[in-house]
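Shown next, in structure tokens, is the structure this report addresses.
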Amino acid sequence: MTEPVSQTAEVRKFLFFKDSRPIGLGMEDKISAAVEEIKALVGGGFSAVMLLVMAMGMQVSPSLEGNSRIFWELFLTAVWIVAVLGIAASGVTATRGTYQCGIPSKRTYGTNTLLTCLNLSLVWACYVGFGSLMFEDQLGYLSNVRGVSFLVVFFLTALYALRSIQERIQWILDLRAEQGLTLAQSTDGKDGEMDSQSAWIERPTR
């Protein structure tokens, strides 16, 4: 069973951006909103992978030589191409929905933790980035730290997108399960609307 969710607007944040759209009124609205959010998150995840690959190339490639460097760069290029294609495909299919999916906050503890870590790593990356430009006597050390810090930022962004997708897929499955239970109870005459259809497990096969 899914948790009851308020129908009023619930502000959700990602970094400095807010989403104050109202929560879907019915299950189908919530499911459709979750699907649209997954499409958008897929694009964000591929973007993070693309930036992560670029950062890895800048950080690791100079330390490699010969065939190892060639194979490494070919691998990164292949992953980069896949990420670009994923971004393009997500951009074609994703649209901003009218509603939020209404996933309860207690189901998003994983993404909340990752978001906190991401915010801290972003602040640290900005700090060492500006520091490498201001303190010339420590330029080499700060440049290395800057490269690692951006790797961490892009890696956490990719993890955030994957975790968010997983949470919304589970939310869709739970909503579908509750929807099927409601239809089954309506068939038995216990709950639900009078014109509700029979549950799919009770429908005759042809």
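- In this structure, Val123 has no side-chain contact (heavy atoms from CB on, under 4.5 Å) partners at least two apart in sequence or on a different chain.
- Tracing side-chain contacts under 4.5 Å through hydrophobic residues (I, L, V, M, F, W, Y), one reaches Leu85 starting from Val53; they form part of the same cluster.
- Within the hydrophobic cluster formed by Ile, Leu, Val, Met, Phe, Trp and Tyr side chains joined at under 4.5 Å, directly or through other members, Leu74 is accompanied by Ile70.
- Among all heavy-atom pairs drawn from Ile87 and Phe46, the shortest one is CG1-CB, 3.6 Å.
- Residue pairs meeting the salt bridge (charged side-chain N to carboxylate O under 4.0 Å, His left out) criterion with at least one partner in residues 66-80, sequence neighbours excluded, are Arg69-Glu73.
- Counting only residues at least two apart or in different chains, salt bridge (charged side-chain N to carboxylate O under 4.0 Å, His left out) contacts with residues 48-57 are absent.
- A 4.5 Å side-chain heavy-atom check between Leu51 and Thr157 finds every atom pair outside the cut-off.
- Taking both residues in full, the closest heavy atoms of Phe155 and Leu52 are given as N-CD1, 4.1 Å, listed atom of the first, atom of the second, then distance.
- For the residue pair Val49 and Ala158, the shortest heavy atom distance occurs at CG2-CB, 4.4 Å.
- Atom CD of Glu28 and atom CG of Leu175 lie 9.5 Å apart (nearest 0.5 Å).
- Leu76 and Phe150 fall within the same hydrophobic cluster, defined by Ile, Leu, Val, Met, Phe, Trp and Tyr side-chain heavy atoms under 4.5 Å apart, directly or through other members.
- Cluster annotation: Ile169 is connected to Ile103 through the hydrophobic network of ILVMFWY side chains, with a link wherever side-chain heavy atoms come within less than 4.5 Å.
- For the pair Tyr109 and Glu167, the tightest heavy-atom approach, listed with the atom from each and the gap, is N-OE2, 4.3 Å.
- The side-chain contact (heavy atoms from CB on, under 4.5 Å) test with Ile81 singles out one residue from Thr77, Val84, Val79, and that residue is Thr77.
- Here the straight-line distance linking atom CD1 of Ile172 with atom CD of Glu37 works out to 9.0 Å at 0.5 Å rounding.
- Rounding to the nearest 0.5 Å gives a distance of 10.0 Å between CD1 of Ile38 and CD of Gln166.
- In this structure, the side-chain contact (heavy atoms from CB on, under 4.5 Å) partners of Leu41, at least two apart in sequence or on a different chain, are Ser164, Ile165, Arg168.
- Although no hydrogens or angles enter the test, the distance criterion places a donor-acceptor pair under 3.5 Å between the side chain of Thr108 and the main chain of Ser105.
- Judged as a side-chain contact (heavy atoms from CB on, under 4.5 Å), and not counting sequence neighbours, the contacts of Leu114 are Leu156, Leu159, Tyr160, Arg163.
- The line from CD1 of Ile31 to CG of Leu173 is 9.5 Å long, rounded to the nearest 0.5 Å.
- The minimum heavy-atom distance between Ala48 and Phe154, with the atom names listed, is CB-O, 3.7 Å.
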